[in-house]
There are 2 protein chains.
Amino acid sequence: MTIDTIARPPSLVETVCERLADLARQESDGDRLPTERELSARLGVSRSVVREAAQRLELQGLIEIRQGSGMKVVDKLHKPLNSAFHLLVPDEKQRLVHLTEVRQALEPENTRLAALRATGTQVKELRLAQSRLEQARSFEEQVHADMDFHRLLAEASGNPISALLMQSLSELMQASLAHGYRRVTPALAIRQHGAILQAIEKRDAAAAARAMHRHLLSARADLGLDSPR
Amino acid sequence: MTIDTIARPPSLVETVCERLADLARQESDGDRLPTERELSARLGVSRSVVREAAQRLELQGLIEIRQGSGMKVVDKLHKPLNSAFHLLVPDEKQRLVHLTEVRQALEPENTRLAALRATGTQVKELRLAQSRLEQARSFEEQVHADMDFHRLLAEASGNPISALLMQSLSELMQASLAHGYRRVTPALAIRQHGAILQAIEKRDAAAAARAMHRHLLSARADLGLDSPR
DNA sequence: TGTCATCAGGTGGTCTGACCAATACGACCC
DNA sequence: GGGTCGTATTGGTCAGACCACCTGATGACA
């Protein structure tokens, strides 16, 4: 026997927030939303309420707001995850250590599922990412291509939550790698990505997961992040 | 050669948000923060700015705001993760499927690390959670004790990001399980938790991870969620 | 003495209108 | 065609008013 709590009516801000989210969902990335003043008039609420609602959507990664310019639709649902991880572990080195560990849990399984589920288009995209890694000139390009490969794998797993996590993890790692962490052996990463890609092309899930596991161990060693055993 | 973007000065809302976050960090869970009007006077900004900043902190899970009552400090950093996952996968059944898959990636590794890293206190807490599961009368109590056990394992892994993810995942699963999903064989879960706990007490990391993997497969079958292979 | 109802004061929620800071766009000039 | 300037529009902030909700104190009654 459970007595449910009595539901409070949503505040105006919450209601407007949902309306705006619906509106944003009907638009594409980069499209403009109506101005604060216009939304205020159209929805029959004060501009404060529109502002507060819009700012919620911004924090959720659904829109970006620019003073003088308006609001535009974006697809950055990972943004609140980034903030949360940053708040939880403010120290960059510590955070990199923890992120690396989470990747070691998540990514072999993503890769295993990708081997089973990747579409032809996704396999092609993985090949392109691998090419970009092979041809990368700067460290920034390497990191970008590297993380792209990992993001694509997570997408190919068919699990949107894993894909979102990977977006967040990779972006945070990219930010850390831009600040003083250097990869010393890109050639090994290229080879290991190649082994992963091959296992996926063969639809060999176990081999793919093992190859990813190996790759992440190397990547961790490369970054000089040995987590306590 | 990288030219960094020119940093914009933070908006007043951002600045106040950081101040409030600092203030919240100095307080304990449940403590009250100054009122909007007081903060407005003390910080020399308008009440709108304080409101907008406070609402950011609420969305981040650092405070809770109650009309007529004020703001209190909470520790719910997983809240924005819950929202993001909910936005990403609005359909409850789909979300449960995906969450279950993510758990299958994360939890064996958490459990392996817990076997290596759990403190004596954490092992005791795990035992208590197991007792609570054994003694649970209602389905709600079972689910709560079950999820508590998993949360404690994630904490015992020593990885705060995993622990945060597990908080979010378990809360979302609990919410779904409160809405029509029924576990049919609690006795098996109790046995499997027992096996996990035993492996942890023996500090056998591989056995712990295997036991968790097994447990999650059973739990998934129990919920009738067979993910596409 | 304990319980319940009421009320006042204080809290956050919303509104309005004014003004400031940043952006975009069009017109004009070289 | 490219650069500059001015204006209109956008979001950011402010102040003050009023509304809806909460809390704690007080008084009445059993």
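A, B, ... follow the sequence lines: proteins, then strands. Residue 1 opens every chain.
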Could you tell me whether [X] and [Y] have a side-chain N and a carboxylate O separated by less than 4.0 Å?
{"X": "Arg117(A)", "Y": "Glu101(B)", "value": "yes"}
{"X": "Glu38(B)", "Y": "Arg42(B)", "value": "yes"}
{"X": "Arg137(A)", "Y": "Glu141(A)", "value": "no"}
{"X": "Asp22(B)", "Y": "Arg19(B)", "value": "no"}
{"X": "Glu27(A)", "Y": "Arg32(A)", "value": "no"}

Notebook entry, point to check: Quick one: on DNA chain C, does Gly68(B) or Pro9(B) contact a more 5' nucleotide (nearest heavy atom)?
Noted result: Gly68(B)
Check: Which residue, Arg32(A) or Gly44(A), contacts DNA chain C at a nucleotide closer to its 5' end, judged by nearest heavy atom?
Finding: Gly44(A)
Rounded to whole angstrom units, what separation is found between the [atom1] atom of [X] and the [atom2] atom of [N]?
{"X": "Glu58(B)", "N": "dG13(C)", "atom1": "CD", "atom2": "C1'", "value": "12 Å"}
{"X": "Ile63(B)", "N": "dG12(C)", "atom1": "CD1", "atom2": "C1'", "value": "12 Å"}
{"X": "Leu12(A)", "N": "dT16(C)", "atom1": "CG", "atom2": "P", "value": "11 Å"}
{"X": "Leu33(B)", "N": "dT11(C)", "atom1": "CG", "atom2": "C1'", "value": "14 Å"}
{"X": "Glu14(A)", "N": "dT14(C)", "atom1": "CD", "atom2": "P", "value": "8 Å"}
{"X": "Gln67(A)", "N": "dC19(C)", "atom1": "CD", "atom2": "C1'", "value": "13 Å"}
{"X": "Arg47(B)", "N": "dC15(C)", "atom1": "CZ", "atom2": "P", "value": "13 Å"}
{"X": "Glu52(B)", "N": "dC14(D)", "atom1": "CD", "atom2": "C1'", "value": "11 Å"}

Considering only side-chain heavy atoms of [X], which listed nucleotide, [options], is closest?
{"X": "Ser48(A)", "options": "dA17(D), dC14(D), dT16(C)", "answer": "dT16(C)"}
{"X": "Glu36(A)", "options": "dA15(D), dG12(D), dT16(C)", "answer": "dG12(D)"}
{"X": "Ile65(A)", "options": "dC22(D), dG12(D), dG12(C)", "answer": "dG12(D)"}
{"X": "Arg37(B)", "options": "dT10(D), dC15(C), dG12(C)", "answer": "dG12(C)"}
{"X": "Ser69(B)", "options": "dC14(D), dT16(C), dC22(D)", "answer": "dC22(D)"}
{"X": "Arg51(B)", "options": "dG12(D), dC15(C), dG12(C)", "answer": "dG12(C)"}

Next item on the list: Answer yes or no: does a side-chain N or O of Ser11(B) lie under 4.0 Å from OP1 or OP2 of dG12(D)?
Entry: no
Notebook entry, point to check: Reckon Ser46(B) has a side-chain N or O less than 4.0 Å from the OP1 or OP2 of dT13(D)?
Noted result: no
Note to self: Could you check whether the side chain of Arg66(B) and the base of dG13(C) have a donor-acceptor pair of N or O atoms closer than 3.5 Å, going by distance alone?
What the structure shows: no
